[in-house]
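For reference, the structure discussed in these notes is given below.
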Amino acid sequence: MPAPADAPGPVLLITGASRGIGAATARAAARAGHRLALLSRSADALAELVRELDTSATPAGESRTLAVPCDVTDWDDLSTAVARVEQHFGRLDAAFANAGRSVATSFLGTDGADPADWRDMVLTNVHGTALTARATLPALVRTRGHLLLTGSAAGRGIRPGNLYSATKWAVTGMAQNIRAECVGTGVRVTLLQPGLVETGMNTPEQADRPKLRAADVAEAALYALAQPATVDVNELLIRPTGQHPLR
């Protein structure tokens, strides 16, 4: 049953919403009064998060959270999901292209994952982010909304043998290109570039390094969303205190 179009709270779509930065942002946005569309490949994890958010932040009798299982690398799947979100809530005010993957790589072949495992990371981090922008921007133009993208501090410097870093370089450039195309539409574009974050994607050598919490990145996302419509926070680079700038 579609929620009323005049229900309170802006509508925020989050990809990669079932864990890590996506789930933390969903929790922070729910506390801030947003209505949420949560996209992820994992239907079970989404259902669990929706139950949590509806219990903690939903007015009696009105669901403010919609779970949409979706593969962001599949255009038909993603575009159908975004259309469902807009139909359900009657609008889309912000989208957070957050879904991502990381595997250790080496071009010399001395370490890291087998090259057969690289494909899904590149498709998710680059192709999936691009498709999310393409699928959501028509709706965001209608509301003069806000697009956020998860980049990385690794997308600003050289990381030897690191293909993940290269995918985040691509997201950095993509954010700039999208922002340039959106001039005159009223759409704001924010690139979040977190340093090392405590997630399930950390490698063993990162165990003792300083790390951000996923909730720290979520607060940065909410900061950007909370700015007046006249303010476009282009980039937010956030590292844990003490992180080496090249790690």
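This chain uses plain numbering: 1 for the first residue, then up along the sequence.
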For the backbone of [Y] and the side chain of [X], can you confirm whether one donor and one acceptor N or O come within less than 3.5 Å of each other?
X    : Y    : result
R239 : G195 : no
D71  : L78  : no
D216 : R213 : yes
N98  : T15  : yes
T73  : G128 : no
T143 : L92  : yes
E48  : D44  : no
D74  : D77  : yes
R134 : S79  : no

Using ring centroids (six-membered ring only for Trp), state whether W118 and F107 fall under 6.0 Å.
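Yes, the ring centres sit under 6.0 Å apart.
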
Would you kindly confirm whether [X] and [Y] end up in one hydrophobic cluster when ILVMFWY residues are joined by side chain heavy atoms under 4.5 Å apart?
X    : Y    : value
L123 : V126 : no
L140 : I178 : yes
L13  : V141 : yes
L148 : I238 : yes
V183 : V187 : no

Got a second to check how far [X]'s [atom1] is from [Y]'s [atom2], nearest 0.5 Å?
X    : Y    : atom1 : atom2 : result
L12  : F96  : CG    : CZ    : 8.5 Å
M121 : T105 : CE    : OG1   : 5.5 Å
C182 : H146 : SG    : NE2   : 10.5 Å
L147 : T190 : CG    : OG1   : 8.5 Å

Measure the shortest side-chain to side-chain distance between Q176 and T172 over non-hydrogen atoms and say whether it is less than 4.5 angstrom.
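Contact flag for Q176/T172 side chains = yes.
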
Heavy-atom closest pair, residues [X] and [Y]:
X    : Y    : answer
L236 : A220 : CD1-O, 3.5 Å
S18  : A45  : CB-CB, 3.6 Å
P138 : A135 : CD-O, 4.0 Å
A99  : G16  : CB-N, 3.7 Å
P210 : P240 : O-CG, 3.4 Å

Would L225 and H34 count as a side-chain contact (heavy atoms from CB on, under 4.5 Å) here? Give the steps.
CA-CA 10 Å; L225 287 169; H34 288 72; 4.3 Å; yes

Looking just at side-chain N and O atoms, do N125 and T167 make a donor-acceptor pair shorter than 3.5 Å?
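Indeed, the side chains of N125 and T167 share at least one donor-acceptor pair under 3.5 Å.
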
Would you call D93 and R91 a salt bridge, taking side-chain N to carboxylate O under 4.0 Å as the test?
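Between R91 and D93 there is a salt bridge, with a charged N closer than 4.0 Å to a carboxylate O.
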
Salt bridge or not for R41 and D120, using N-O below 4.0 Å?
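Answer for the salt bridge query: yes.
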
According to salt bridge (charged side-chain N to carboxylate O under 4.0 Å, His left out), does anything in residues 168-192 pair up with another residue at least two apart or in another chain? List the pairs.
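Every candidate salt bridge (charged side-chain N to carboxylate O under 4.0 Å, His left out) pair involving residues 168-192 fails, so no pair, neighbours aside, qualifies.
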
Salt bridge (charged side-chain N to carboxylate O under 4.0 Å, His left out): pairs with one or both residues in residues 225-238, sequence neighbours excluded:
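Residue pairs passing salt bridge (charged side-chain N to carboxylate O under 4.0 Å, His left out), neighbours aside: R156-E235.
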
Test side-chain contact (heavy atoms from CB on, under 4.5 Å) on L38 and V68; report intermediate values, then the result.
CA-CA 6 Å; L38 306 180; V68 187; over 6 Å; no

Are Y164 and S152 close enough, and set up right, to give a side-chain contact (heavy atoms from CB on, under 4.5 Å), and what steps lead you there?
CA-CA 9 Å; Y164 170 82; S152 173; 4.0 Å; yes

Where do T25 and V217 land on the side-chain contact (heavy atoms from CB on, under 4.5 Å) test, with the steps shown first?
CA-CA 8 Å; T25 302; V217 185; 5.9 Å; no

